[in-house]
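These figures come from a predicted structure and were not determined experimentally. Lettering of chains follows the sequences in order, A, B, ..., and the numbering in each one begins at 1.
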Protein chains: 2
Amino acid sequence: MRADAGLRDLVGYRMKRAFAVIQADLSRVLEPFGLRMIPFSALVVIARQPGIGQGQLAAALAVERSNLVAPLDGLEARGLIRREAVPGDRRALALKPTPAGLTLAEAALAAVRAHEARLMAGVSEADVAALFRACAAIETVPEREETSG
Amino acid sequence: MRADAGLRDLVGYRMKRAFAVIQADLSRVLEPFGLRMIPFSALVVIARQPGIGQGQLAAALAVERSNLVAPLDGLEARGLIRREAVPGDRRALALKPTPAGLTLAEAALAAVRAHEARLMAGVSEADVAALFRACAAIETVPEREETSG
DNA sequence: CGAAACTGATTATATAGTATAACTATTCGT
DNA sequence: ACGAATAGTTATACTATATAATCAGTTTCG
């Protein structure tokens, strides 16, 4: 009997354990780039979508706007992104990657992909595809307020 | 183009998003039982393996021993578990569920299973099986110090 | 026997992630 | 013009997790 019997058939428990491994690996991979998960994700999205606003970015990454301020401060201080004024709206700031930011984004993304390939070496292509389908389905489950009625 | 393009093919990113949904649902499910994730997991394992030690429990759940002390204090204070002295070793404490603890463990586990079923309603049996296989494979990836040599 | 190394549990502390509320400045709707 | 809504920021709190140090008790072995 496994030491955590009773929990091993729970999707949440299993994903937590697996994700912890991925997260630890990811942290090691990003460390030489001076990035952590949120700044990394933000930088990649900004690189792909120059001019995106902070609110849009927060929505895209499913994090609170307020929790993005410090990470973006860090990226800006390192000269990886800039916050540009938006002509029509003086509240908004357009996030744009600098050339250094673009370079770092691509390099970090390549490193992450390489390490993920290693992490998933023991998983078949078909199972990876199933994993992605399952994640997509879970992500889109409705929030279940008043399911009755 | 999705707002988080460039990240959506990363396993870590997708699992993080999906796990966040599961975690939020799990918190809601456990709330009426007065449990959170770690105490819940601990209680279930203790219920299944009466007499387990805190170090063993920590290893089983992959958490640090020190991070288990407060949750176990809570469970003990609520009369759900007891820490019994171990005859042969006066350092060790054997964790045992009380009748109330056993009852609550089973009720909470049933509720969690029911809600997971709802959460996974849109995922085929085969894909769930693949998800479990993928998680198992990821969990057992070696720690990768000196891969070269 | 008795010192050193080890183990089980605990305490204290630091860091990261996340959630919430409140605030400023600006824009929009009427 | 006025109130509501929006973009960004600040402050704060709570949870999770990691680490080091401490204390009591046990084991090893000269």
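- Chain B approaches DNA chain D over the interval dT15(D) to dT26(D), counting the first and last nucleotide 5' to 3' with an atom under 4.0 Å from its heavy atoms.
- Applying the 3.5 Å distance criterion, the base of dT26(C) shares no donor-acceptor pair with the side chain of Arg90(A).
- For the pair Arg28(B) CZ and dA19(C) P, the computed distance is 12 Å after rounding to whole Å.
- Place Ile38(A) and Asp89(A) on DNA chain C by their nearest nucleotides, and Ile38(A) ends up nearer the 5' end.
- Annotation: the span from Leu72(B) atom CG to Ile46(B) atom CD1 amounts to 5.5 Å, rounded to 0.5 Å.
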Apply salt bridge (charged side-chain N to carboxylate O under 4.0 Å, His left out) to Glu76(B) and Arg82(B), showing your working. CA-CA 6 Å; Glu76(B) 194 176 27; Arg82(B) 277 179 304 144; over 6 Å; no
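- Distance alone, capped at 3.5 Å, is enough to place a donor-acceptor pair between the Arg78(B) side chain and the Gly34(B) backbone.
- Distance CD (Gln23(B)) to P (dT18(C)): 9 Å, rounded to an integer number of Å.
- Nearest heavy-atom pair across Glu64(B) and Ala58(B) is C-CB, 4.2 Å.
- Salt-bridge check for Glu139(A) with Arg14(B): passed, with a basic side-chain N closer than 4.0 Å to an acidic carboxylate O.
- Listed by residue number, the members of residues 52-82 of chain A with any heavy atom below 4.0 angstrom from DNA chain C are Glu64(A), Ser66(A), Asn67(A).
- Using a 4.0 Å cut-off between charged nitrogen and carboxylate oxygen, Asp4(B) and Arg17(B) count as a salt-bridge pair.
- Atom pair Leu93(A):CG and dT24(C):P shows a separation of 18 Å (rounding to whole Å applied).
- A side-chain donor-acceptor contact under 3.5 Å links Glu116(A) to the backbone of Val11(B).
- A donor-acceptor pair under 3.5 Å is formed between the side chain of Gln49(A) and the backbone N or O of Ala3(B).
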